[in-house]
K.L.:
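Input: one structure, supplied below.
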Amino acid sequence: MRLDLLLRLVPLTLVPLLFSWLTGTPLRNFGLVVTHPLRDLLVAIPLSLAAFAIAAAFAAYLARRSGRWFVPTKPDLLVQSAYYLVLNAPVEEWFFRGFLQGSLARWWNEPVLALLLTTAVFGAYHFFDRWGWRPVAGATAAGLALGLIYLLQPSPPSLLAPVLVHAAITCGFLSLGPYLIYRWGR
């Protein structure tokens, strides 16, 4: 996780901050608003549960296909899940949905094109983890869903719902999901 923080999350945090500082763009334009928290939670909770289940099933499919299970230990489970909820999901959503998708949609006045390009970049970004094409295809599909959640919000869009769903997907795919499926399957 230290390398992930240094090589991925720090740059993804600094780029929008630097852009904001250089251009005078308010951070609110990058989704840093909580204008409809109850609505965001009512949207995020059922979507998060569904996304978690889909991600866990996809992780199990990949594990059965490869014959290798990547299951965290109990202590790692808690640390990883907290990391995904508190750092990974917020930073990635801040960069990809708030900064990239939001900025492209404003510049081009083409929100669907911004969604599609951001989805492609989000998927390609997951090749940095040296994932194979199947996990990257799954991450790309997740990116499309997260981008739609962000796009379909009333203005100004908030990152709250995409962050919660993103954390659920990541936990379903990399930590709690594989842990539960592996333990229940024994």
K.L.:
Output the distance between atom CG (Asp76) and atom CG (Leu174), rounded to the nearest 0.5 Å.
P.N.:
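Atom-to-atom, Asp76:CG and Leu174:CG are 12.5 Å apart.
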K.L.:
For residues 156-170, which side-chain donor-acceptor pairs fall under 3.5 Å, sequence neighbours excluded?
P.N.:
unit_1 : atom_1 : unit_2 : atom_2 : d
Ser158 : OG     : Val33  : O      : 2.8
Ser158 : OG     : Asp40  : OD2    : 3.3
Ser158 : OG     : Leu160 : N      : 3.1
His166 : ND1    : Glu93  : OE2    : 2.6
His166 : NE2    : Glu92  : OE1    : 3.1
Thr170 : OG1    : His166 : O      : 3.0

K.L.:
Please tell me if the side chains of Asn29 and Pro26 come closer than 4.5 Å, counting only heavy atoms from C-beta onward.
P.N.:
yes
K.L.:
Are any non-hydrogen side-chain atoms of Gln153 and His36 less than 4.5 angstrom apart?
P.N.:
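Gln153 vs His36: side chains apart.
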K.L.:
What heavy-atom pair brings Pro178 and Gly172 nearest, and what distance separates the two atoms?
P.N.:
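That closest heavy-atom pairing would be CD-O, 3.3 Å.
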K.L.:
Please find the pair of heavy atoms, one from Thr35 and one from Arg28, that lie closest to each other, and give the distance.
P.N.:
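In terms of heavy atoms, the two residues are closest at CG2-NH2, 4.3 Å.
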K.L.:
Linking I/L/V/M/F/W/Y whenever any side-chain heavy atoms sit under 4.5 Å apart, do Phe70 and Phe128 land together?
P.N.:
no
K.L.:
With a sphere of 6.0 Å drawn around CZ of Arg39, does it hold more than 12 non-hydrogen atoms of other residues, nucleotides or ligands?
P.N.:
yes
K.L.:
Find the distance between OG1 (Thr13) and CG (Leu87) and round it off to the nearest 0.5 Å.
P.N.:
8.5 Å
K.L.:
Hey, is the main chain of Gly102 close enough, under 3.5 Å, to the side chain of Arg106 for a donor-acceptor pair?
P.N.:
yes
K.L.:
Taking a hydrophobic cluster as the set of Ile, Leu, Val, Met, Phe, Trp and Tyr residues connected by side-chain heavy atoms closer than 4.5 Å, whether directly or through intermediates, do Ile149 and Leu41 fall within one such cluster?
P.N.:
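No, Ile149 does not connect to Leu41 through the hydrophobic network.
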K.L.:
Treating Ile, Leu, Val, Met, Phe, Trp and Tyr as nodes and any side-chain heavy-atom pair under 4.5 angstrom as an edge, say whether Leu146 and Leu100 lie in one connected cluster.
P.N.:
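Looking at the clustering, Leu100 is in a separate group from Leu146.
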K.L.:
Side chain to side chain contact (heavy atoms under 4.5 Å, CB included) between Arg8 and Val91: does it pass, once the steps are laid out?
P.N.:
CA-CA 9 Å; Arg8 294 181 354 153; Val91 169; over 6 Å; no
K.L.:
Looking only at non-hydrogen atoms, find the nearest pair between Phe30 and Ser103 and report the distance.
P.N.:
CE2-OG, 3.6 Å
K.L.:
Of all residues at least two apart in sequence or in a different chain, which pass the ring-ring contact (aromatic ring centres under 6.0 Å, His included) check with Trp133?
P.N.:
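In terms of ring-ring contact (aromatic ring centres under 6.0 Å, His included), with neighbours along the sequence ignored, Trp133 is linked to no residue.
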K.L.:
Would you please name every residue forming a ring-ring contact (aromatic ring centres under 6.0 Å, His included) with Phe52, sequence neighbours left out?
P.N.:
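Phe52 satisfies ring-ring contact (aromatic ring centres under 6.0 Å, His included) with no other residue.
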K.L.:
For the atom pair SG (Cys171) and CG (Leu180), what is the distance rounded to the nearest 0.5 Å?
P.N.:
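Atom-to-atom, Cys171:SG and Leu180:CG are 10.5 Å apart.
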K.L.:
Using the side chain to side chain contact (heavy atoms under 4.5 Å, CB included) rule, take Phe96 and Leu12 through it: C-alpha gap first, then chi angles, then the decisive distance, then the call.
P.N.:
CA-CA 9 Å; Phe96 288 105; Leu12 291 181; 4.1 Å; yes
K.L.:
Is there a path of hydrophobic side-chain contacts, each under 4.5 Å between heavy atoms of I/L/V/M/F/W/Y residues, joining Leu148 to Trp108?
P.N.:
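Unlinked, Trp108 and Leu148 end up in two clusters.
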K.L.:
With rounding to the nearest 0.5 Å, note down the distance linking CG in Leu104 to CG in Leu115.
P.N.:
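Leu104 atom CG to Leu115 atom CG measures 10.5 Å (nearest 0.5 Å).
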K.L.:
A side-chain contact here means heavy atoms from C-beta on lying under 4.5 Å apart; do Asn88 and Asp4 qualify?
P.N.:
yes
K.L.:
Report the distance from atom CD of Gln80 to atom OG1 of Thr73, rounding to the nearest 0.5 Å.
P.N.:
8.0 Å
K.L.:
Within 45 degrees of the axis of the six-membered ring of Phe122 and under 6.0 Å from its centre: does Arg97 put its NZ or CZ there?
P.N.:
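Yes, cation above the ring, under 6.0 Å and within 45°.
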K.L.:
Out of curiosity, does Leu5 fall in the hydrophobic cluster containing Tyr125 (side-chain heavy atoms, cut-off under 4.5 Å, transitive links)?
P.N.:
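Looking at the clustering, Leu5 is in the same group as Tyr125.
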K.L.:
Closest heavy-atom contact between Ala105 and Ala114?
P.N.:
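For Ala105 versus Ala114, the nearest heavy atoms are N-CB, 3.4 Å.
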K.L.:
Side chain to side chain contact (heavy atoms under 4.5 Å, CB included) for Tyr83 and Leu9? Distances and angles first, verdict last.
P.N.:
CA-CA 11 Å; Tyr83 174 76; Leu9 297 188; 3.1 Å; yes
K.L.:
Tell me whether Ser20 contacts the main-chain N or O of Pro16 through its side chain, where contact means a donor paired with an acceptor under 3.5 Å.
P.N.:
no
K.L.:
Start with the C-alpha gap between Leu17 and Trp94, add the side-chain angles, then the distance that decides, and say whether side chain to side chain contact (heavy atoms under 4.5 Å, CB included) holds.
P.N.:
CA-CA 10 Å; Leu17 289 172; Trp94 149 259; 4.1 Å; yes
K.L.:
Look up atom CD in Glu110 and atom CG in Leu116, then write down how far apart they are to the nearest 0.5 Å.
P.N.:
10.5 Å
K.L.:
Taking atom CH2 of Trp107 as the centre, report whether more than 12 heavy atoms of other residues, nucleotides or ligands fall under 6.0 Å from it.
P.N.:
yes
K.L.:
What is the minimum heavy-atom distance between Tyr150 and Gln101, and which atoms define it?
P.N.:
CD2-NE2, 4.0 Å
K.L.:
Taking the six-membered ring for Trp, are Trp131 and Phe173 ring centroids under 6.0 Å apart?
P.N.:
yes
